[in-house]
Amino acid sequence: MTSDPSSPVGAQATPQRFDLVVVGSGIAGLYAALQAHEHGASVLVATKGTIDEASTRYAQGGIAAAVGSGDSPDSHLRDTIEAGAGLVDEEAARILTSEAADRIADLVRYGVNFDAADGEVALGREGAHSAPRILHAGGDSTGLEIELSLSSLARREGVTIREHTLADRVIVEDGRAVAVRLYDALRDERVTYEAGNIVLATGGAGQIYRVTTNPQVSTGDGIALAYGCGAEVMDMEFTQFHPTALRLPERPIFLISEAVRGEGALLYNAQGERFMPRYHEQAELAPRDIVARAAHCEIGEVDGDHVLLDITHRDADWLAARFPTIYRTCLDAGLDMSKDRIPVSPAAHYTMGGVRTNSRGETTVPGLFAVGEVACTGVHGANRLASNSLLETVVFAKRAVERLFEGAVSPPLEPSPDARSLPRREDCVIAPQAPQAEELRELMWSNAGIVRTRLGLAEAATLLAEWQSLMPPAHDRTSMEMRSMVVCGRLMTEAAMLREESRGAHYRSDFPETSDEWRRHLVFRQ
Ligand code: FAD
Ligand code: SIN
């Protein structure tokens, strides 16, 4: 460990150097740390909040794996490719679906208890899956069960964990990532750790939007860190909006799982009309982007802020057993799902783009890996299939750790020949001062949200570039997160402006058709 010249360093009992520094303690970071620890590596996990604060703990629906009778990895692969709207990397998706069952077995070995029915693992159904294949735990608290199982195991195994410690720079020497600079928020000091290898597992960037299901830690830090040190970032125009987040005045946004629609819930507009059959033959179980856009459109018709989700054909006991967290949360808000329709709206949910990696988690910077939601492996394409993200974290974290310890060296990830960098936009001076987070979130929600236009995107891109130039050096967690969100916002809006078509989750009302010419990825490199 070395001190950053800008801040003092307290006494340290930990070693100066770790074989592996993992940034983030959601499922991706903890699983990678446990795997590396099993290989005998010295591992440091740095995480910016408490260990369990991550998107992972809020995951409800579950984790997809073709383990049911009559189902197959090939069928799961077909659904994944179909949902991804022409941009799924087929080889990566084949790996995802064929290695799923083994990774589920790892999670069980690490203590995760999946729900069972009649002695068999219980499998739920979600949108655009052609079979029931979603393993869940505690009904609708799958993520919490996974997060707590992995974090308590990591502690028991003696993995070194630093909470309230935020990575704010990846240090590259001679083209290789060699160290991470960390900011210890409790001591207000910066410390640099040298690392044999670095794994970014920092999750997504949902906090960049005003309406989101993501927790506060999801500010896109890993994407900004990777871009800042020269790694490539891909597919940033694709943010997934979940169609059904609870929308009540004075209440935080809370996800109502797609699994509720999987159990037969229907969507109604303000006129009491069931609208989804008008939009897609699979109605409420259509791909997520279609349901989110339909809900957005129906809400716009009446200038309201929600549509209604109805599962009143199920009784209270059944709902309390199958969806205990959702049922209780609605009840606390004065809504009984067995009697009342639930007000819901779309919300930013998942960052499909991220740090470009190969199928072993390698980025274009040797020594730097990215796993989980921060990464872009290509398995989601333009629209992620529900419950494929928890699966992606473990499948590719496993392969990244194997890559670290394998003897033979496979070819690294080649830089993309047509990567571009963020354009300079110095010509306009429209922002008098550095932004507040709320301004940024509102801007992204209204100008780079579910329905986009060139005009709105251009306005946002210019403002974001201006904000970036006005931001003083980051000195604490809030300013570091703001810096990350501005970089991610720029990557998202520039990519969305370039992609003059509609595909998957990226919808341009000025280019509503999908174009073959755009069946390609947009890659950025500084
Ligand atoms: P996260 O779990 O988000 O963990 C990221 C970690 O990085 C956190 O510990 C964070 O504190 C840390 N971190 C971030 N920046 C820094 C930094 N600069 N320095 C140090 N640490 C940092 N997917 C499914 O497959 N099935 C589901 O049912 C499902 N339901 C969901 C429900 C909700 C409400 C949400 C928000 C997401 C859901 N998802 C679901 C998506 C899925 O939960 C996430 O994609 C997945 O958990 C991501 O795991 P991760 O480990 O990559 O990131
Ligand atoms: C949900 O439970 O609806 C979320 C599932 C997912 O995001 O994959």
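As a basis for the values below, the full set of heavy atoms in this structure was taken, side chains included, without hydrogen atoms, waters or symmetry mates. Read the numbers this way: they start at 1 and go in the same order the structure lists the ligands and their atoms. Fair warning: this is a prediction, and the values are worked out from it, not measured in the lab.
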Exercise. Can you tell me the protein heavy atom closest to atom 35 (C) of ligand 1 and the distance?
Worked result: His349 CE1, 3.5 Å
For this session: Quick one: look at Thr219 and ligand 1, take heavy-atom pairs under 4.0 Å, and tell me if it's side chain, backbone, both or neither.
Result: neither
Exercise. So is Thr142 in contact with ligand 1, going by heavy-atom distances below 4.0 Å?
Worked result: no
Exercise. Among all protein non-hydrogen atoms, which one is nearest to atom 14 (C) of ligand 1, and what is the separation to 0.1 Å?
Worked result: Thr202 O, 3.3 Å
For this session: Provide, to 0.1 Å, the distance between atom 41 (C) of ligand 1 and the closest protein heavy atom, together with that atom's residue and name.
Result: Ser389 OG, 3.4 Å
For this session: Heavy-atom distances under 4.0 Å are what count here, so tell me which part of Asp221 touches ligand 1: side chain, backbone, both or neither.
Result: side chain
Exercise. Which residue holds the protein heavy atom closest to atom 51 (O) of ligand 1, what is that atom called, and what is the gap in Å?
Worked result: Ala28 N, 3.0 Å
For this session: Please state which part of Leu255 comes within less than 4.0 Å of ligand 1, counting heavy atoms only: side chain, backbone, both or neither.
Result: side chain
Exercise. Has ligand 1 got any nitrogen or oxygen that is less than 3.5 angstrom from a nitrogen or oxygen of Leu166?
Worked result: no
Exercise. For ligand 1, which atoms, with element, lie under 4.0 Å from some heavy atom of Ala46?
Worked result: 20 (C), 21 (N)
Problem set entry | Side chain proximity check, Met276 to Val291, heavy atoms < 4.5 angstrom | yes
Exercise. Counting distance only, does the side-chain N/O of Thr142 pair as donor-acceptor with the main-chain N or O of Ala59 below 3.5 Å?
Worked result: no
Problem set entry | Proximal ligand 1 atoms for Ala201, defined as those under 4.0 Å from one of its heavy atoms | 5 (C), 6 (C), 7 (O)
For this session: For ligand 1, find out whether one of its N or O atoms is nearer than 3.5 Å to an N or O atom of Leu390.
Result: yes
Exercise. Looking at atom 3 (O) of ligand 1, what's its closest protein heavy atom, distance included?
Worked result: Ser55 N, 3.1 Å
Seminar exercise, completed: Here the atoms of ligand 1 under 4.0 Å from any heavy atom belonging to Gln60 are 28 (O), 30 (N)
Exercise. Within the side chain of Glu258, is there an N or O that forms a donor-acceptor pair under 3.5 Å with the backbone of Gly127?
Worked result: yes
Seminar exercise, completed: Value for OH (Tyr110) from CG (Leu150), rounded to nearest 0.5 Å, stands at 8.0 Å
Seminar exercise, completed: Logged contact type for Arg57 with ligand 1, heavy-atom cut-off 4.0 Å, is neither
Problem set entry | NZ/NE/NH1/NH2 to OD/OE distance under 4.0 Å, Glu99 and Lys398 | no
For this session: State plainly whether the residues Asp332 and Arg328 are in salt-bridge range, i.e. N to O under 4.0 Å.
Result: no
Exercise. Sequence neighbours excluded, which residues qualify as side-chain contact (heavy atoms from CB on, under 4.5 Å) partners of Ala33?
Worked result: Val22, Val43, Val45, Val159
Exercise. Any idea which atoms of ligand 1 are less than 4.0 Å away from a heavy-atom of Glu53?
Worked result: 8 (C), 9 (O), 10 (C), 11 (O)
Exercise. Any nitrogen or oxygen of Thr56, main chain or side chain, under 3.5 Å from a nitrogen or oxygen of ligand 1?
Worked result: yes
Exercise. Using 4.0 Å as the upper bound for N to carboxylate O, is an ion pair formed by Arg187 and Glu189?
Worked result: yes
Exercise. Do any heavy atoms of Ile27 fall under 4.0 Å from ligand 1?
Worked result: yes
Problem set entry | Distance from atom 12 (C) of ligand 1 to nearest protein heavy atom, with residue and atom | Gly24 CA, 3.6 Å
Exercise. Looking at Ala167, which atoms of ligand 1 are within less than 4.0 Å of one of its heavy atoms?
Worked result: 17 (C), 18 (N), 19 (N), 20 (C)
For this session: Could you tell me the separation between the OG atom of Ser479 and the OH atom of Tyr183, rounded to the nearest 0.5 Å?
Result: 8.0 Å
For this session: Would you mind reporting whether Leu135 and Leu123 have side-chain heavy atoms less than 4.5 Å apart?
Result: yes
Exercise. Applying a heavy-atom distance cut-off of 4.0 Å, which protein residues contact ligand 2?
Worked result: Gly61, Glu126, His242, Leu255, Ser257, Glu258, Arg288, His349, Arg384, Ala386, Ser387
Seminar exercise, completed: Here the atoms of ligand 1 under 4.0 Å from any heavy atom belonging to Gly61 are 28 (O)
Exercise. Going by heavy atoms, is Glu258 under 4.0 Å from ligand 1?
Worked result: no
Seminar exercise, completed: In short, Arg384 meets Ser389 closest at the heavy-atom pair NH1-OG, 2.7 Å
Exercise. What are the atoms of ligand 1, with element, lying closer than 4.0 Å to any heavy atom of Thr47?
Worked result: 9 (O), 11 (O), 12 (C), 20 (C), 21 (N)
Exercise. Under 3.5 Å between some N or O of ligand 1 and some N or O of Ala54?
Worked result: no
For this session: Measure the distance from atom 29 (C) of ligand 1 to every protein heavy atom, then report the residue, atom name and distance (to 0.1 Å) of the closest one.
Result: Ala59 CB, 3.5 Å
Exercise. Between Gly489 and Ile208, which heavy-atom pair has the shortest distance, and what is it?
Worked result: N-CD1, 3.3 Å
Exercise. Between Tyr268 and Arg341, is there a cation-pi geometry (under 6.0 Å to ring centre, at most 45° from the normal)?
Worked result: yes
Exercise. Where's the contact between Arg384 and ligand 1, heavy-atom distance under 4.0 Å: side chain, backbone, both or neither?
Worked result: side chain
For this session: Taking Thr363 for its side chain and Leu368 for its backbone only, find out whether a donor-acceptor pair lies under 3.5 Å.
Result: yes
For this session: Ignoring hydrogens and angles, tell me if any N or O in the side chain of Glu373 forms a donor-acceptor pair with the backbone of Tyr350 under 3.5 Å.
Result: no
Exercise. Checking Thr56 side chain against Ile27 main chain: does a donor-acceptor pair fall under 3.5 Å?
Worked result: yes
Exercise. Among protein heavy atoms, which sits nearest to atom 26 (N) of ligand 1, and what does the distance come to when rounded to 0.1 Å?
Worked result: Gly62 O, 2.7 Å
For this session: Look only at interatomic distance and state if Ser25 has a nitrogen or oxygen under 3.5 Å from any nitrogen or oxygen of ligand 1.
Result: yes
Problem set entry | Distance-only N or O hit between ligand 1 and Glu373, under 3.5 Å | yes
For this session: Would you check whether Val217 has a nitrogen or oxygen atom less than 3.5 angstrom from a nitrogen or oxygen atom of ligand 1?
Result: no
Exercise. Within 45° of the six-membered ring axis of Tyr209 and under 6.0 Å from that ring's centre, is NZ or CZ of Arg441 located there?
Worked result: no
Seminar exercise, completed: Here the atoms of ligand 1 under 4.0 Å from any heavy atom belonging to Tyr350 are 45 (O)
Exercise. Considering only heavy atoms from C-beta outward, does the side chain of Leu182 approach that of Leu44 to under 4.5 Å?
Worked result: yes
For this session: Tell me, please: is Val374 in heavy-atom contact with ligand 1, that is, under 4.0 Å?
Result: no
